[in-house]
Amino acid sequence: MHVHVNAAVSADGKLSTRNREQVRISGDEDFARVDRVRAESDAVMVGVGTVLADDPSLVRFDQTHREALEIPGVPTRVVADSRARTPPDAEVLAGDAPTTVLVGEAAPDDRLDALRDAGASIVVAGEERVDLPAALAELEAERVRRLMVEGGGELVFSLFEDGLVDELTLYVGGLVLGGRDAPTIADGEGFVDRETFPRLALEGVERVDDGVVLNWSVESSRPLGAG
Ligand SMILES: NC(=O)C1=CN([C@@H]2O[C@H](COP(=O)(O)OP(=O)(O)OC[C@H]3O[C@@H](n4cnc5c(N)ncnc54)[C@H](O)[C@@H]3O)[C@@H](O)[C@H]2O)C=CC1
Ligand SMILES: Nc1nc(O)c(N)c(N[C@@H]2O[C@H](COP(=O)(O)O)[C@@H](O)[C@H]2O)n1
C-alpha cells in the first residue's frame, strides 16, 4: 500500500488554530490539486479529532481525473476512531460514498451499533487504540492500494511512528496562526531519539496560490522499538 499524507499548514507550521477550528489555508488552486490526489486514491483517511473539529464530508474529488486514470468507483472514506466517537450524524457518514471506521476492541458496543446503523463498516484492530499496521493491512485486503491521509496531527504522528508513511505533501500558506497548543502535522509524543526521526527526500517544490507545495518521499521511517 502507498500511504500519502497531504495537508495544509500555515507559514508557522500549524494545521489550525489553538481552538482547533478549521481554517481555510489552501487557495482554490491547491484545493483543485487536493481533489486530484483524492481522485487517485482508493481511500481517504482522517482521525476522529478531525471529524469532531471539521465535520468533513470527504466526498469531493476530481471525477474527470479519476475517469482518465480509469479508476472505478469513488474513494472510500476512513476514520481512525479508537473509541467510536464519530457522531452517527457526522457528514463523513452521509451520502452514498462508503465509510469505514477503524476502532479498538475497547470501543463501546452501543456506539458501534449506531455507526453500523448509519451505514459504516467497522474494522476492529488493536485494544485501547487503533493498531494502524493491522488496520491498514485490513484495508489493503479490501483492495486499498493508495491511501490518502488528510490529518490530523495525532494520526499522522502515529503513522510516522509506525513507519507507514511513503509520501508527504504540504501546502504552506501565507498566513501565521501561532499558538503553542495549535496542532501541527505531527503531534503525538514526538520523536526524541535522532535514530527514529523520519528522513524525507525532497521531490518537488511548486508555487501555488499564495503559498508553496512541498512534496517529499519518505526515505527512512522505523517503527519505534524496531532494531
Ligand atoms: N489544515 C489541514 O490540512 C488539516 C487540519 N486539520 C486540523 O487538525 C485538527 C485535528 O487534529 P488532531 O486533534 O490531531 O486529531 P486527529 O484527526 O489526528 O485524530 C486523533 C484521533 O484519532 C484516533 N486514533 C485512532 N488510532 C490512532 C492512533 N494509532 N494514533 C493516533 N490517533 C489515533 C484517536 O481517537 C485520536 O484521538 C483540527 O484542528 C483540524 O482542523 C485536520 C486535517 C487537515
Ligand atoms: N488541503 C487542505 N487545505 C486546507 O486549507 C484545509 N483546511 C484542509 N482541511 C482538510 O480538508 C477536510 C475537509 O474536506 P471536505 O471539504 O469536507 O471534503 C478537513 O477535514 C481536513 O482534513 N485541507
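Order of listing sets the numbers, starting from 1, for every ligand and every atom in it. Being a predicted model, the structure only gives us computed values, none of them experimental.
Residue Asp117 places its CG atom among more than 12 non-hydrogen atoms of other residues, nucleotides or ligands, all under 6.0 Å distant. Residue Asn19 places its CG atom among more than 12 non-hydrogen atoms of other residues, nucleotides or ligands, all under 6.0 Å distant. Heavy atoms from other residues, nucleotides or ligands lying under 6.0 Å from CZ of Arg18 number 12 at most.
No option in Asp28, Asp62, Asn6 other than Asn6 meets the side-chain hydrogen bond (donor to acceptor under 3.5 Å, both in side chains) test with Arg33.
The closest approach between a heavy atom of Arg38 and any atom of ligand 2 is below 4.0 Å. In this structure, Gly151 has no heavy atom closer than 4.0 Å to ligand 2. Distances from ligand 1 to the non-hydrogen atoms of Arg85 include at least one value under 4.0 Å.
Comparing Gly47, Ser57, Ser26 against atom 4 (C) of ligand 2, the shortest heavy-atom distance belongs to Ser26. The residue from Val9, Val34, Leu15 that puts a heavy atom closest to atom 8 (O) of ligand 1 is Leu15.
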Exercise for the section: Would you check, one step at a time, whether the test side-chain contact (heavy atoms from CB on, under 4.5 Å) holds for Leu175 with Ile25? Expected result: CA-CA 8 Å; Leu175 76 173; Ile25 299 171; 3.8 Å; yes
Practice task
Mind running side-chain contact (heavy atoms from CB on, under 4.5 Å) on Val144 and Thr76 for me, showing each step along the way?
Solution key: CA-CA 9 Å; Val144 174; Thr76 297; 5.5 Å; no
Handout entry: Arg60/Asp35 under salt bridge (charged side-chain N to carboxylate O under 4.0 Å, His left out): CA gap, chis, key distance, verdict
Key = CA-CA 7 Å; Arg60 203 188 60 243; Asp35 288 354; 3.0 Å; yes
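For a threshold of 3.5 Å applied to N or O pairs, the pair formed by Val130 and ligand 1 contains at least one separation below that value. Of the polar atoms of Val46, none of the N or O atoms is found under 3.5 Å from an N or O of ligand 1, judged by distance alone. Residue Gly153 places at least one N or O, backbone or side chain, under 3.5 Å from an N or O of ligand 1. Polar contact check, Val156 against ligand 1: no nitrogen or oxygen pair lies under 3.5 Å apart. Between Thr50 and ligand 1, an N or O atom pair is found at a separation short of 3.5 Å. Polar contact with ligand 1: absent for Glu150 (N/O pair, distance under 3.5 Å). Remark: ligand 2 and Val34 share no N or O pair separated by less than 3.5 Å (distance only, no angle test). Taking distance alone, with nitrogen or oxygen atoms compared against 3.5 Å, Asp30 stays at or beyond that limit from ligand 2. Considering backbone and side-chain N/O atoms, Asp55 never comes within less than 3.5 Å of an N/O atom of ligand 2. In terms of polar-atom proximity, defined here as any N/O pair under 3.5 Å, Glu21 makes no such contact with ligand 1. The shortest N or O to N or O distance between Asp187 and ligand 1 is not under 3.5 Å. Taking distance alone, with nitrogen or oxygen atoms compared against 3.5 Å, Gln22 stays at or beyond that limit from ligand 1.
Residues Tyr171 and Val34 do not share a hydrophobic cluster, clusters being chains of Ile/Leu/Val/Met/Phe/Trp/Tyr side chains in contact below 4.5 Å.
At a heavy-atom cutoff of 4.0 Å, ligand 1 is contacted by both the backbone and the side chain of Ala7. When heavy-atom distances to ligand 2 are checked against a 4.0 Å cut-off, Phe31 comes that close only through its side chain, counted from C-beta outward. Contacts between Ala80 and ligand 1, counted as non-hydrogen atom pairs separated by less than 4.0 Å, involve both the backbone and the side chain.
For ligand 2 and Arg60, the ligand atoms under 4.0 Å from any heavy atom of the residue are 16 (O), 18 (O). Listed by number with element, the atoms of ligand 2 under 4.0 angstrom from any heavy atom of Asp54 are 19 (C), 20 (O), 21 (C). Those atoms of ligand 2 that come under 4.0 Å of a heavy atom in Val23, given as number and element, are 5 (O), 6 (C), 7 (N). Each of the atoms 20 (O), 22 (O) of ligand 2 lies under 4.0 Å from some heavy atom of Thr50. Near Arg24, the atoms of ligand 2 lying under 4.0 angstrom from a non-hydrogen atom of the residue are 5 (O). Listed by atom number, the atoms of ligand 2 under 4.0 Å from Ala8 heavy atoms are 2 (C), 3 (N), 4 (C), 5 (O). Near Gln22, the atoms of ligand 2 lying under 4.0 angstrom from a non-hydrogen atom of the residue are 13 (C), 19 (C).
Contact check for Met45 versus Leu159: side-chain heavy atoms found under the 4.5 Å cut-off. With a 4.5 Å cut-off on side-chain heavy atoms, Val44 and Arg77 do not count as touching.
Figure legend: cation-pi geometry between Arg66 and Phe61, with NZ or CZ positioned under 6.0 Å from the six-membered ring centre and within 45° of its axis.
Nearest protein heavy-atom neighbour of atom 11 (O) of ligand 1: Gly152 CA, 3.5 Å. Considering only non-hydrogen protein atoms, atom 9 (C) of ligand 1 sits nearest to Pro183 CG, 4.0 Å.
The CG atom of Leu214 sits 12.0 Å away from atom CD of Glu203, with the distance rounded to the nearest 0.5 Å.
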